Amino acid sequence: MVEGRKILGDPAAIKQQFPIFSEYPELVYLDNAATTQRPQQVINRINNFHQQENATIRRGVYQLSARATQEFEAARSTVANFFKAPQDDCIAFTQGATESVNIVARSIIKEKLKPGDNIVVSLMEHHANFVPWQMLSQATSTELRVVPITESGDLDLDKLNSLIDSRTAVVAIVHISNTLGTINPIKVITQMAHAKEVPILIDAAQSATLYPINLTELDCDFLVCSAHKMFGPFGVGVLYVHPRYHRQVQPYNYGGGIIRSVKVEGTEFLPYPHLLEAGTPNVAGVIGLAEAIRVIKKFDRESLVKQLHKLTQIARQKLADIEGLSLVGNPTLSSSIISFSLAGMHPHDVASFLNEDHIAVRAGQHCTQPLLDYLGWPATVRVSLSIYNNLQDVDRLADSLREMKDFLI
Ligand SMILES: Cc1ncc(COP(=O)(O)O)c(C=O)c1O
C-alpha cells in the first residue's frame, strides 16, 4: 500500500484478510458486536511474538526482555495515538472493557464518594457499565440514577441533564448501544457533565474500532474498550484516564510490577498507568492490539462507516419487510447493530435455525437486561455487521428468515 493512501471499502477484498472466512467459506458472520474476527496480520504478529520474541517485560536486562518491553510500551503509544490521547501515559492495559469500568469504579470513584452522592448511568448500558456502578452505589449507600430512553431507542438527553447535579460523582454512558445500535452524542453528553463539573466515563466497546475518537477534543475523563472487538485478541482491554485524574488512581490489584519500593513497613507504588498493571501482563495480546490498530488505520474509516451504515439500512428494510418481524428500536443515529423479534418464535430458535444456514447471529438479552425489561422483550435476535459483511450476507439472512417463517409458522 502506498504510504498515506487509505484502503476503500471492498468487503470481498477485506474478507480475504480474515482467514476464518477461507476456513468456512459458507460462514455469514453477523455477531461482530460480541467479537470481531481476526485478520491474518494480527494472527501473524501474535505468532511471531511467541516464536521469536517471547519474554516477560520490565524485569529482564537481556535483549529479548528489553525488546518485549519496548514493544509493549510502543503499543501504549500506538493506542494513545489512535485515540489522540493527550499523553501516552493516559493509557493503561487491562483484561477488557469490563475490567476497565470496574477499575474506574473501585480505584478512582469509590475514594471520592460521600453519603448523599449519586452515580448516573443509562438504561441502555451493557451490564459491564451498569453492574459495577450498581454494586458501588449499594456498597456506599449512594444513589444510582438511571437515564431513560425515548420510544425510538435514543437516550433521553433532557432527562440526563436533569439527573446530573452537584452531588453526581460520575456519569457513565455507552457510546454505541450493543443492543439497539443507538449512537449517543458523546461530545454533547461530555459537555453536559462538565458544565456541572462532573467526570464522565465513555464505554466505547462498540465504537472504538470504526468511529474515530479524538480524546484531546472530546475531553472525557475515562474511556474503556476491548481489543477483541477491534480485530485484536481476547483478554486485553484499554483504560484511558485523563491526566487530571492520574494522581487519584489507587492500585486495583496488588503485586509485582507496580512497585517503587517494598519494605516490611510498607509499599510505595509507581504512578498511573503502571500501578494498574500488577503481575505479568498479556504482552502478546497488547502487541496484537497494536497490530490490529495498524490494520484499522490502513482503512478509510469514514467511507467504511458510510458504507456500513448504508448496508445496515438495507438490512433493516429487508428485515422490516418480513411479515411478523418487529425491529426493536429505531434510533435517530444508528450503527451497524440491529435487534429484532419474529412473531411466534423464540429468538434462540431463530438463531439456531439461522445456524443451520451457517449464519451466526446472537439471541438473548445481550447483557442489557434492564433495557429489555423496560422495552418488554424477554430476548431479541441481534445482527451486527462489520467491514467484511456485504449485500450477499444480508440477502442470505433475509432469505433464511423468510424460509424459516414459511416452514414453521
Ligand atoms: C457496550 C459494551 N460494553 C462493554 C462490553 C464488555 O466488553 P468485554 O466483555 O470485552 O469486557 C461489551 C461487550 O459486549 C459491550 O458491548
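Please read all numbers here as calculations on a predicted model, not as lab measurements. Every number for a ligand or one of its atoms is a count from 1 in the order of the listing.
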### Query
So which heavy atom in the protein is nearest atom 16 (O) of ligand 1, and how far is it from that ligand atom?
Gln206 NE2, 2.8 Å

## Note on the structure
of all protein heavy atoms, closest to atom 14 (O) of ligand 1 is Lys229 NZ, 2.6 Å

### Message
Counting the benzene-type ring for Trp, do Tyr29 and Phe18 have ring centres under 6.0 Å apart?
### Response
no

### Query
Got a sec: does the CZ of Arg67 have more than 12 other heavy atoms crowding it under 6.0 Å?
no

### Polar contact flag for Glu99 and ligand 1 (N/O pairs, less than 3.5 Å)
no

### Task
Would you mind running through ligand 1 and noting each atom that sits below 4.0 Å from a heavy atom of Val174?
1 (C)

### Task
Give the numbers and elements of all ligand 1 atoms closer than 4.0 Å to a heavy atom of Ala128.
4 (C), 6 (C)

### Query
Quick one: which of Thr380, Leu371, Leu372 gives a side chain to side chain contact (heavy atoms under 4.5 Å, CB included) with Gln365?
Leu372

### Query
Which of the atoms of ligand 1 are close to Ala97, meaning less than 4.0 Å from one of its heavy atoms?
7 (O), 11 (O)

### Side chain proximity check, Thr209 to Ile387, heavy atoms < 4.5 angstrom
no

## Note on the structure
Per-atom filter on ligand 1: closer than 4.0 angstrom to a heavy atom of Asn178 are 16 (O)

### Task
Measure the distance from atom 11 (O) of ligand 1 to every protein heavy atom, then report the residue, atom name and distance (to 0.1 Å) of the closest one.
Thr98 OG1, 2.6 Å

### Query
Has His228 got any heavy atom lying under 4.0 angstrom from an atom of ligand 1?
yes

### Task
Calculate, to the nearest 0.5 Å, the distance between atoms SG and CD1 belonging to Cys220 and Ile173 respectively.
12.5 Å

### Option among Leu201, Thr142, Val170 that satisfies the side chain to side chain contact (heavy atoms under 4.5 Å, CB included) test with Ile109
Val170

### Message
Are Tyr240 and Phe83 an aromatic pair, judged by ring center distance below 6.0 Å?
### Response
no

### Query
Closest non-hydrogen protein atom to atom 3 (N) of ligand 1, residue and atom name please, with distance?
Asp203 OD2, 2.6 Å

### Full working for ring pair (Phe, Tyr, Trp, His ring centres under 6.0 Å) between Tyr254 and Phe269
CA-CA 10 Å; Tyr254 294 106; Phe269 298 105; 5.8 Å; yes

### Task
Could you tell me the residue and atom name of the protein heavy atom closest to atom 15 (C) of ligand 1, and the distance to it rounded to 0.1 Å?
His126 CD2, 3.3 Å

### Message
Tell me the nearest of Ser226, Ser100, Gly237 to atom 8 (P) of ligand 1, using heavy-atom distances.
### Response
Ser226

